[in-house]
Amino acid sequence: MSNTEDLIRRTKASTMQRKSRRADSDGNGDTSRRREVRRSRRRLRGERNRQIALVLFASIIFVAALFFLRLQLSRNESSRTAKFRGGKLGLGKVDGSNDGTMRYLDPRQLPPLPGDPIEPYKGKGRKGGFRGEGDDEWIADAQSPTYQNHGPKVDYTKHDYQYPALMFEPPNDGSYPPLERMSSIFETWGQDDIDHPPETLVEVLQHFDFQDPDQLEAAIKYRDLELPFKVYNVPEVGRATAKWTDEYVASHFNGNNADGAPQSRGACQQSVDNFFAFHRPQLWSEDLLGPPPSLDLDWTFDEWARHAVYADTVSLPVTKKHYYWQSGVPREERLQNERYWTFVSRDLPSFSSPQPTFFGFNPKAQKGIQCRFGERGVTAATHYDGGRNMIVMITGAKRYILSPPNACSKLGIVTSRRHPSFRHSMLNFGRVTLLDKDETSVKMSDREKEWLRIAGDAPTLSTVLKSGEVLYVPSHWFHYIVSLQKSAQCNTRSGIHEFGNKNFGGQDEVEECIGSADDQD
């Protein structure tokens with residue numbers, strides 16, 4: 001073989017070796033790159049799995065937090081509902097318990113004292129109101145033969161009264177009606193001392209016989225001068241008194257009455273003790289004012305009446321839960337055919353007539369008839385009505401504490417229009433007799449004590465309105481009411497008297513009192 005051929009052979013062999021090494025090198029690179037890609041993919045999958053795990057863990061924590069939050073809120077609501085439904089409204093001691101003493105009045109429910117800064121109110125409450133369930137602890141006793149409707153210990157419809165001599169010409173010099181300090185009123189006869197009244201109750205209001213023409217003419221003169229008085233011997237009231245048994249009234253609220261009258265509507269309220277105060281639940285903020293003064297209750301009239309009988313029989317203590325039944329007749333009812341009238345309008349035609357009567361003397365301004373069924377001890381906080389008010393007591397008896405319009409600034413009236421108790425007072429006036437006592441189980445804030453001292457000096461009169469009587473409360477006069485026994489009372493109002501009485505004030509004095517601390521702007 002020539003040298004040339006040998007050179008060519010070695011050159012080809014060398015080229016083949018380089019190609020082989022290059023191929024091996026390229027194969028190893030592809031393998032490395034594939035390995036790197038696989039490692040990268042594993043890292044990405046691991047990172048993605050870690051992220052998914054973190055999201056899942058965070059989601060579990062979030063859901064668990066929501067669950068425990070809802071559980072806590074549910075427990076709080078259940079606790080609060082239990083307090084309401086059990087009657088423990090947080091109105092006993094300062095800490096919210098009820099240990100058998102009178103409720104503690106949260107000072108935030110009272111207006112600022114005279115001279116103190118205005119306290120604007122911007123709270124919100126519950127649109128549906130505050131609900132209660134009452135209790136059934138009394139039912140066993142009520143069914144016992146020992147407590148079978150023995151009636152009240154003192155029947156105020158038969159008590160002894162001393163009435164003033166008739167004055168056919170009303171004095172208009174401020175001497176009538178005679179007023180005295182509120183503290184003296186309650187020192188003479190304590191608000192809650194229902195079983196031990198004075199042997200003879202001395203009345204200060206004129207007491208006119210409705211069927212005596214001369215006396216009726218005199219009553220109209222008093223009415224025209226915006227002076228309070230009472231009338232008795234009203235035929236339709238006497239008939240209603242005889243007719244309004246519990247069975248008769250219940251049949252109309254239950255809708256099974258036999259006289260064809262449309263079914264009447266009513267509602268029951270519950271308080272932790274005997275004190276009731278008006279409030280608008282949609283504005284009552286528990287955070288700002290504490291527990292509400294009363295609860296709405298799903299009792300029927302029958303249930304209320306049974307408890308009211310029981311309350312009379314056992315002389316229900318003021319610290320026990322009390323119940324109040326209310327009903328109203330809309331103003332439109334009097335314009336309908338009488339066959340569509342409910343039993344209240346039918347039985348009290350002079351109060352519901354579309355034509356002027358002694359009791360409804362301005363029917364165009366009449367806003368319907370309101371009826372209140374009270375049990376022993378129920379005390380309604382003081383307030384005023386703009387309308388000229390005729391109040392008829394059909395059964396039982398109530399005590400009315402009246403103060404004239406120019407006493408407004410002394411009564412602790414809530415003057416903020418946004419406040420849920422606007423134009424009412426939250427004061428329990430019966431406590432004025434406790435201010436100078438060294439020992440009392442009733443706990444009172446400094447604000448309440450000071451307001452009671454002021455109220456104790458307010459000009460006041462006390463009168464008992466018993467079945468068969470009608471009381472005229474002039475426009476803008478304040479009235480505070482104590483049910484002395486199981487009772488039924490209705491009233492109708494005949495429009496506002498703008499000027500009132502020159503000696504006792506009227507609309508201007510009340511508006512000045514309220515406007516001086518109004519925070520509506």
Side-chain angles (χ1 to χ4, degrees), residues 168 170 206-244 248-249 252 257 259-266 326-372 385-395 465 467-477 479 488-501 506-507:
F168 288 89
Q206 288 289 290
H207 197 238
F208 298 116
D209 184 342
F210 182 77
Q211 296 195 66
D212 183 310
D214 294 333
Q215 293 189 40
L216 185 60
E217 182 181 353
I220 293 174
K221 293 179 181 179
Y222 280 77
R223 190 187 70 189
D224 291 344
L225 284 176
E226 283 295 270
L227 297 173
F229 62 88
K230 293 192 289 188
V231 298
Y232 66 98
N233 195 20
V234 183
E236 69 186 62
V237 175
R239 290 191 293 269
T241 298
K243 186 185 290 187
W244 282 28
Y248 173 80
V249 176
H252 285 84
N257 53 293
D259 56 16
Q263 182 176 1
S264 295
R265 306 295 178 184
Q326 303 184 54
S327 178
V329 177
R331 62 185 302 175
E332 296 79 14
E333 183 169 294
R334 62 189 172 86
L335 302 177
Q336 297 176 345
N337 187 291
E338 291 186 14
R339 65 177 177 173
Y340 299 115
W341 285 10
T342 55
F343 81 102
V344 173
S345 296
R346 293 185 179 195
D347 295 343
L348 299 172
S350 295
F351 285 73
S352 53
S353 174
Q355 303 302 320
T357 69
F358 175 81
F359 303 109
F361 49 91
N362 185 6
K364 290 184 179 180
Q366 194 241 39
K367 295 185 177 180
I369 302 174
Q370 301 298 320
C371 294
R372 304 288 185 264
D385 296 310
R388 307 167 75 183
N389 206 351
M390 286 287 185
I391 304 170
V392 55
M393 192 63 58
I394 301 163
T395 63
L465 185 66
S467 62
E469 296 180 331
V470 181
L471 168 66
Y472 177 62
V473 177
S475 185
H476 295 95
W477 275 63
H479 39 291
Q489 157 255 309
C490 297
N491 69 284
T492 188
R493 297 193 287 269
S494 293
I496 295 175
H497 192 289
E498 295 182 4
F499 306 107
N501 182 278
Q507 182 176 2

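Please read all numbers here as calculations on a predicted model, not as lab measurements.
Across all their heavy atoms, N362 and G495 have their closest contact at ND2-CA, 4.4 Å. Residues P262 and T342 approach most closely at O-CG2, 3.9 Å, considering heavy atoms. Scanning both residues, P170 and L227, for their nearest heavy atoms gives CB-CD1, 4.1 Å. The shortest heavy-atom contact between P474 and P228 is CG-N, 3.7 Å. Here the closest heavy-atom approach between residue A218 and residue F208 is recorded as CB-CE2, 3.9 Å. Residues A365 and S494 share a closest heavy-atom pair of CB-C, 4.1 Å.
Between the D212 side chain and the Q215 main chain, a donor and an acceptor come within less than 3.5 Å of each other. Proximity of a side-chain donor or acceptor of T241 to a complementary backbone N or O of I394 within less than 3.5 Å is detected. Using modelled atom types, no side-chain atom of R339 and backbone atom of G260 make a donor-acceptor pair closer than 3.5 Å. Between the side chain of R346 and the backbone N or O of W341 there is at least one donor-acceptor pair closer than 3.5 Å. Side chain of Q211 to backbone of V234: no donor-acceptor contact under 3.5 angstrom is found.
In this structure, R223 fails the cation-pi test against F229, since its NZ or CZ atom is not both closer than 6.0 Å to the six-membered ring centre and inside 45 degrees of the ring normal.
The list of side-chain hydrogen bond (donor to acceptor under 3.5 Å, both in side chains) pairs with a residue in residues 350-360, not counting sequence neighbours, reads E236-S350.
Checked against Y472 for a side chain to side chain donor-acceptor pair (under 3.5 Å), the options K230, R388, Q206 give a single hit: R388.
Within the model, atoms NZ of K221 and CG of L216 stand 11.5 Å from one another, a figure rounded to the nearest 0.5 Å. Here the straight-line distance linking atom CD1 of I220 with atom CZ of F361 works out to 10.0 Å at 0.5 Å rounding. Residue R372 holds its CZ atom at 4.0 Å from CD of Q326, rounded to the nearest 0.5 Å.
The side-chain heavy atoms of C490 and L348, taken from C-beta on, include a pair separated by under 4.5 Å. Using a 4.5 Å cut-off on side-chain heavy atoms (C-beta onward), Y340 and E333 make no contact. Looking at P354 and P363, their side chains never come closer than 4.5 Å, going by heavy atoms from C-beta outward. With a 4.5 Å cut-off on side-chain heavy atoms, E226 and F499 do not count as touching. Inter-residue side-chain proximity for E332 and R334 is flagged as unmet; no heavy-atom pair is nearer than 4.5 Å. In this structure, the side chains of C371 and V344 come closer than 4.5 Å at one or more pairs of heavy atoms. With a 4.5 Å cut-off on side-chain heavy atoms, V231 and D209 do not count as touching. Side-chain contact between N257 and Q263: absent, with no pair of heavy atoms (C-beta onward) separated by less than 4.5 Å.
Residues passing the ring-ring contact (aromatic ring centres under 6.0 Å, His included) test with F358 are F210, sequence neighbours excluded. Judged as a ring-ring contact (aromatic ring centres under 6.0 Å, His included), and not counting sequence neighbours, H497 has no contacts.
In this structure, F343 and Y248 have perpendicular ring planes: the angle between them is above 60°, well past the 30° mark.
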Working for side chain to side chain contact (heavy atoms under 4.5 Å, CB included), residues R493 and M390
CA-CA 6 Å; R493 297 193 287 269; M390 286 287 185; over 6 Å; no
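A donor-acceptor contact closer than 3.5 angstrom is absent between the side chains of R331 and Q366. Under 3.5 Å, the side chains of N491 and Q370 contain no donor-acceptor pair of N or O atoms. With hydrogens and angles left out, the side-chain atoms of H479 and D385 include a donor and acceptor closer than 3.5 Å. For S475 and Q507, the side-chain atoms include no donor-acceptor pair closer than 3.5 Å.
Salt-bridge formation is not detected for the pair R239/D347: no Lys NZ or Arg NE/NH1/NH2 atom is positioned less than 4.0 Å from an Asp or Glu carboxylate oxygen.
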